[in-house]
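Below is one structure, written out as structure tokens; the observations come after it.
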Amino acid sequence: DDSDVFLFGGDNVYRKFFDQTHFVETYTSKGILESSGMDRKGLIDLALLLGSDYTKGVSGIGLVHAVEIMDIFKGDLTSFRDWVISGQKKKDGDGDGDQDIPAVPPASGLGRLRNKIQLTEDFPNRHVIEAYMKPEVDESTEPFEWGLPDLDAIRDFSQRKIG
């Protein structure tokens, strides 16, 4: 039931699998590509903008602006970052223009957001991108075995954390 599966390169997500009041919903990476035009890289970029299990996203950017950013900057989030920084420097009198940065159409709402956007220093975070593109996978061929939980350790941990 976790759509981050697509960011890791998975092909299928089944939702409501254990919900006996609904039919199981199936989502496929092929279906997402066909309906949205977004491949795995595009989905990762979208996650970097909107947030996911591994990144907070960009505050103030919702789905509409995220798709607009991806369209204007052709999936190049580094150019988006440079555009944001350039605009903020111009506002402070330090910038020298937007050369080599795609033009944002005047009708776009992004222009109004430019000086309000707060990016992390490492945006787009290459570690998050690498985690999605090259996930660490347990290659063990040993059969999985459930073990008994260490109840004393759980009690001690709970006592320290919760009280």
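- No donor-acceptor distance shorter than 3.5 angstrom exists from the side chain of Arg15 to the backbone of Thr26, with no hydrogens or angles considered.
- Met38 is not listed as a side-chain neighbour of Leu33, based on a closest heavy-atom distance of 4.5 Å or more.
- In this structure, the side chains of Ile69 and Leu77 come closer than 4.5 Å at one or more pairs of heavy atoms.
- The side chain to side chain donor-acceptor pair (under 3.5 Å) search around Tyr27 returns Glu25, not counting sequence neighbours.
- Linking ILVMFWY side-chain heavy atoms closer than 4.5 Å, directly or via other members, places Leu49 and Leu63 in a single hydrophobic cluster.
- Taking the side chain as every heavy atom from C-beta outward, Asp4 and Tyr54 approach each other to under 4.5 Å.
- Hydrophobic cluster membership is shared by Val13 and Leu7, with clusters built from Ile, Leu, Val, Met, Phe, Trp and Tyr side chains linked at under 4.5 angstrom.
- Distance check: Ser36 OG to Leu43 CG gives 6.0 Å after rounding to the nearest 0.5 Å.
- Aromatic ring orientation, Phe73 versus Trp83: tilted (interplanar angle from 30° to 60°).
- Under the side-chain hydrogen bond (donor to acceptor under 3.5 Å, both in side chains) criterion, the residue pairs touching residues 153-163 are Asp152-Arg155, with sequence neighbours excluded.
- With sequence neighbours excluded, no residue forms a salt bridge (Lys or Arg N to Asp or Glu O under 4.0 Å) with Asp76.
- Contact record, Ser52 with Tyr132: OG-OH, 2.7 Å, taken as the closest heavy-atom pair.
- For the pair Ile154 and Pro149, the tightest heavy-atom approach, listed with the atom from each and the gap, is CD1-CB, 3.9 Å.
- Within the 4.5 Å cutoff, no side-chain heavy atoms of Lys16 are placed close to those of Val24.
- Cluster annotation: Leu50 is connected to Ile44 through the hydrophobic network of ILVMFWY side chains, with a link wherever side-chain heavy atoms come within less than 4.5 Å.
- Judged as a salt bridge (Lys or Arg N to Asp or Glu O under 4.0 Å), and not counting sequence neighbours, Lys56 has no contacts.
- Sequence neighbours left out, the pairs with a member in residues 59-71 that pass side-chain hydrogen bond (donor to acceptor under 3.5 Å, both in side chains) are Glu68-Ser108.
- Taken to the nearest 0.5 Å, the CG atom of Leu46 stands 5.5 Å off from the CE atom of Met70.
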Problem set entry | Steps toward side-chain contact (heavy atoms from CB on, under 4.5 Å) verdict (Val128, Leu48) | CA-CA 8 Å; Val128 172; Leu48 291 167; 3.9 Å; yes
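- Taking each heavy atom of Lys41 and Gly75 in turn, the nearest pair found is NZ-O, 2.8 Å.
- Pro124 places none of its side-chain heavy atoms less than 4.5 Å from the side chain of Asp45.
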Just list the side-chain donor-acceptor pairs under 3.5 Å for residues 134-143, sequence neighbours left out, or say none.
from	atom 1	to	atom 2	distance (Å)
Asp138	OD1	Ser140	N	2.8
Ser140	OG	Glu142	N	3.1

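- Under a hydrophobic clustering in which Ile, Leu, Val, Met, Phe, Trp and Tyr are joined whenever their side-chain heavy atoms come within less than 4.5 Å, directly or via other members, Ile72 and Ile85 fall into different clusters.
- Taking all atoms of both residues into account, the shortest heavy-atom contact from Ile117 to Phe80 is CD1-CZ, 3.9 Å.
- Residues Gly111 and Val104 share a closest heavy-atom pair of N-CG1, 4.5 Å.
- A continuous path of Ile, Leu, Val, Met, Phe, Trp and Tyr side chains, each step under 4.5 Å between heavy atoms, connects Val58 with Leu113, placing both in one hydrophobic cluster.
- Classification of Arg126 and Asp122 as a salt-bridged pair fails, no side-chain N sitting under 4.0 Å from a carboxylate O.
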